[in-house]
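Below: the structure, in structure tokens.
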There are 2 protein chains.
Amino acid sequence: MAITWQDIHKEALERIHSRDWAPGALIPNEADLAAELGCSRATVNRALRALAEDGWLERRRKAGTRVAMAPQRRARLAIPILREAVEARGQSFAHSLLSRETEAMPPLERALLGLSAEAVTQRVRTLFLADGQPYALEDRWVHLDGAPGFAAQELKEVCANEWLVQHTPFARGTMDYLASPAGPFEARHLGCPEGTALLAMERATFSPDTAVTFVRTHFAPGHRVRLEL
Amino acid sequence: MAITWQDIHKEALERIHSRDWAPGALIPNEADLAAELGCSRATVNRALRALAEDGWLERRRKAGTRVAMAPQRRARLAIPILREAVEARGQSFAHSLLSRETEAMPPLERALLGLSAEAVTQRVRTLFLADGQPYALEDRWVHLDGAPGFAAQELKEVCANEWLVQHTPFARGTMDYLASPAGPFEARHLGCPEGTALLAMERATFSPDTAVTFVRTHFAPGHRVRLEL
DNA sequence: TAGTGGTCTAGACCACGGC
DNA sequence: CCGTGGTCTAGACCACTAG
């Protein structure tokens with residue numbers, strides 16, 4: 001066995017880059033490519049499928065495979081686990097529980113999770129530190145029916161973030177990045193003037209059907225989310 | 001043929017969610033699963049590989065397959081093509097060339113692209129409109145050696161963004177999201193007060209080896225980037 | 001060194017969807 | 001209709017690596 005699917009993947013990318021296969025153009029079908037390259041159709045399929053998943057190719061039965069008009073349109077993003085993000089930079093990680101109280105969710109967030117006004121929720125605010133410096137400020141609502149055991153959990157050692165990740169078999173959710181000015185609370189804890197432009201993340205998590213948690217995280221000034229293409 | 005790899009994919013996810021396969025636990029090997037489920041090993045492999053790519057499983061030869069400690073840590077992000085993002089919402093798309101001049105890149109951006117001070121670059125600023133309202137403001141430097149033909153291109157019909165996508169066989173780059181306060185220029189064109197917290201994107205593009213372009217895009221207030229998990 | 005995932009093959013059937 | 005990609009199978013060899 002000489003030809004691997006990675007070989008074909010690479011070869012195809014070169015043809016795309018060299019415009020041998022131009023954007024929008026139809027490329028040979030799998031059977032022809034297999035014959036040309038001297039391998040089985042399954043191997044070609046594996047390579048072309050990978051390219052399609054990354055947005056380089058568009059494939060349709062009967063219509064064949066075309067080079068995407070705007071190639072490379074998908075990227076993978078590793079969802080940040082705060083502790084790991086910090087420790088990966090060689091910094092120490094710490095968190096401090098700022099407040100924890102039973103509190104109804106504001107209507108907007110409640111609607112996002114699809115909860116009724118009767119749902120019992122707990123609000124937990126946590127500050128995360130990297131090498132002692134403010135790193136992120138988390139404002140979280142937890143739906144107690146969706147996270148059994150949470151109410152009984154002390155959050156000294158394990159922060160809410162990690163507890164939920166480890167104890168909630170969640171299936172889906174949304175995550176938004178947006179810019180948000182620092183309010184008095186963020187300014188105080190992140191050590192920046194009010195009104196500073198901060199990167200924020202809003203995340204809603206559902207455990208198959210029930211809402212579990214909504215969290216809004218403000219990152220310290222200068223924070224970036226990087227995608228490698 | 002009764003069992004598809006999607007069936008196995010679904011079944012495995014259910015076992016993970018039900019904690020039948022708990023985080024960190026070793027799951028049966030491919031051969032055993034194939035026997036249990038009554039299909040070939042290749043089909044099992046296809047399903048488990050997909051789960052590993054999405055971060056649910058961690059696989060290592062000889063060590064076997066384990067459920068990830070923090071499942072579901074990867075998401076796919078479709079890189080936004082401005083025109084398509086706007087038109088997908090049913091809005092009209094327009095762009096307006098604000099300025100275009102031969103101008104040296106500031107040192108910081110130049111270093112990011114790995115260019116020398118002698119490199120000839122052109123700065124292009126473009127405003128994008130959705131239904132006539134400001135949508136995004138793009139500030140772009142183009143390395144002319146990396147984008148042959150760009151200098152001769154009028155940017156009335158086709159904006160710099162689209163021309164580069166269609167004419168530059170690029171292979172890699174980085175993309176950062178960050179928060180940035182509106183300066184006088186952004187405030188004027190996006191129609192917001194100076195200092196408003198804006199979501200910004202910075203992107204560096206390399207055509208295999210040569211730097212092509214660096215672009216900083218400020219989005220109108222309220223803009224979000226959404227990831228589906 | 002032995003077990004596990006990674007991959008290739010050759011052949012087959014099928015679903016989709018242009019034409 | 002019928003070509004194209006999507007997928008399954010059974011068997012095989014190999015690469016990696018934990019023990």
Side-chain angles (χ1 to χ4, degrees), chain A residues 1-16 20-69 71 73-74 76, chain B residues 1-16 20-69 71 73-74 76:
Chain A
M1 172 224 330
I3 308 276
T4 67
W5 72 266
Q6 290 94 336
D7 292 333
I8 300 174
H9 186 275
K10 190 178 159 196
E11 168 68 18
L13 266 184
E14 278 169 12
R15 293 189 186 186
I16 294 171
D20 189 2
W21 291 347
L26 203 59
I27 76 172
N29 68 35
E30 294 186 349
D32 288 350
L33 278 173
E36 178 199 332
L37 299 169
C39 64
S40 77
R41 207 195 117 202
T43 307
V44 173
N45 178 280
R46 177 85 151 84
L48 298 191
R49 184 167 19 93
L51 289 168
E53 281 174 4
D54 286 340
W56 293 101
L57 299 176
E58 288 169 2
R59 320 195 72 193
R60 281 195 338 262
R61 283 160 153 138
K62 167 70 181 176
T65 300
R66 294 179 175 281
V67 179
M69 292 300 286
R73 296 171 46 189
R74 260 162 249 167
R76 278 219 139 77
Chain B
M1 170 224 330
I3 308 276
T4 68
W5 72 266
Q6 290 95 335
D7 292 332
I8 300 175
H9 186 276
K10 190 178 157 196
E11 168 67 19
L13 266 184
E14 278 170 11
R15 293 189 187 185
I16 293 171
D20 191 1
W21 291 347
L26 202 59
I27 75 172
N29 68 34
E30 294 188 349
D32 289 350
L33 278 174
E36 178 199 332
L37 300 168
C39 64
S40 78
R41 206 194 116 202
T43 307
V44 173
N45 179 280
R46 179 85 150 83
L48 298 190
R49 185 164 22 91
L51 288 168
E53 281 173 4
D54 287 339
W56 293 102
L57 299 176
E58 289 170 1
R59 320 194 74 195
R60 284 201 327 269
R61 284 161 154 141
K62 166 72 179 178
T65 300
R66 295 180 174 281
V67 178
M69 292 300 286
R73 298 172 45 189
R74 262 163 246 167
R76 278 217 134 83

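Order of the sequence lines sets the chain letters (A, B, ...), proteins ahead of strands, with each chain counted from 1. What you see is a predicted model, and the numbers here were worked out from it, not measured in a lab. Computation of the quantities below employed the complete heavy-atom set of this structure, encompassing side-chain atoms and omitting hydrogens, waters and symmetry-equivalent molecules.
- Regarding A:Glu58, its CD atom lies at a distance of 17 Å from the C1' atom of C:dC16, rounded to whole Å.
- Considering only residues two or more places apart in sequence or on other chains, B:Arg59 meets the side chain to side chain donor-acceptor pair (under 3.5 Å) condition with B:Glu30, B:Thr65.
- The structure places CG of A:Leu57 at 11.5 Å from CZ of A:Arg66, a figure rounded to the nearest 0.5 Å.
- Between the C1' atom of D:dG6 and the CD atom of A:Glu53 lies a distance of 13 Å, rounded to the nearest Å.
- Between the CG atom of B:Asp32 and the P atom of C:dG3 there is a distance of 12 Å, given to the nearest Å.
- With a cut-off of 3.5 Å on both pairing distances, the Watson-Crick and G-U wobble pairs of DNA chain D assemble into stems of 3 or more at C:1-18 with D:1-18.
- The two residues A:His9 and A:Ala50 come nearest to each other via the heavy atoms CD2-CB, 3.9 Å.
- Residues meeting the side chain to side chain contact (heavy atoms under 4.5 Å, CB included) test with B:Arg15, sequence neighbours left out: B:Glu11, B:Asp20, B:Trp21, B:Leu33, B:Glu36, B:Leu37.
- Phosphate contact (OP1/OP2 of D:dT7, side-chain N/O of B:Gln6, threshold under 4.0 Å): present.
- The distance from atom CG of A:Leu51 to atom P of D:dG6 is 12 Å, rounded to the nearest whole Å.
- Distance, A:Ile8 CD1 to C:dT7 P: 12 Å, rounded to whole Å.
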Below 3.5 Å is the cut-off: list the nitrogen or oxygen pairs between protein and nucleotides 2-4 of chain D, distance only.
from, atom 1, to, atom 2, distance (Å)
D:dG3, O4', A:Lys62, NZ, 3.4
D:dT4, OP2, A:Asn29, ND2, 3.2
D:dT4, O4', A:Lys62, N, 3.4
D:dT4, O2, A:Lys62, N, 3.3

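- Within residues 40-47 of chain B, the residues that have a heavy atom under 4.0 Å from DNA chain D are, in order of number, B:Ser40, B:Arg41, B:Ala42, B:Thr43, B:Arg46.
- In this view, B:Gln6 and B:Thr4 satisfy the side chain to side chain donor-acceptor pair (under 3.5 Å) rule, not counting sequence neighbours.
- For the side chain to side chain donor-acceptor pair (under 3.5 Å) test, no residue two or more places apart in sequence or in another chain qualifies with A:Arg46.
- Summarising the geometry, the separation between CG on B:Leu57 and C1' on C:dT4 is reported as 15 Å, rounded to the nearest angstrom.
- In terms of modelled atom types and a separation under 3.5 Å, the side chain of B:Asp54 and the main chain of B:Trp56 share no donor-acceptor contact.
- Taking atom CG on A:Leu48 and atom P on C:dC8, their separation rounds to 13 Å, with Å as the unit.
- Annotation: side chain to side chain contact (heavy atoms under 4.5 Å, CB included) contacts of B:Thr43 (sequence neighbours excluded): B:Trp5, B:Ile8, B:Cys39, B:Ser40.
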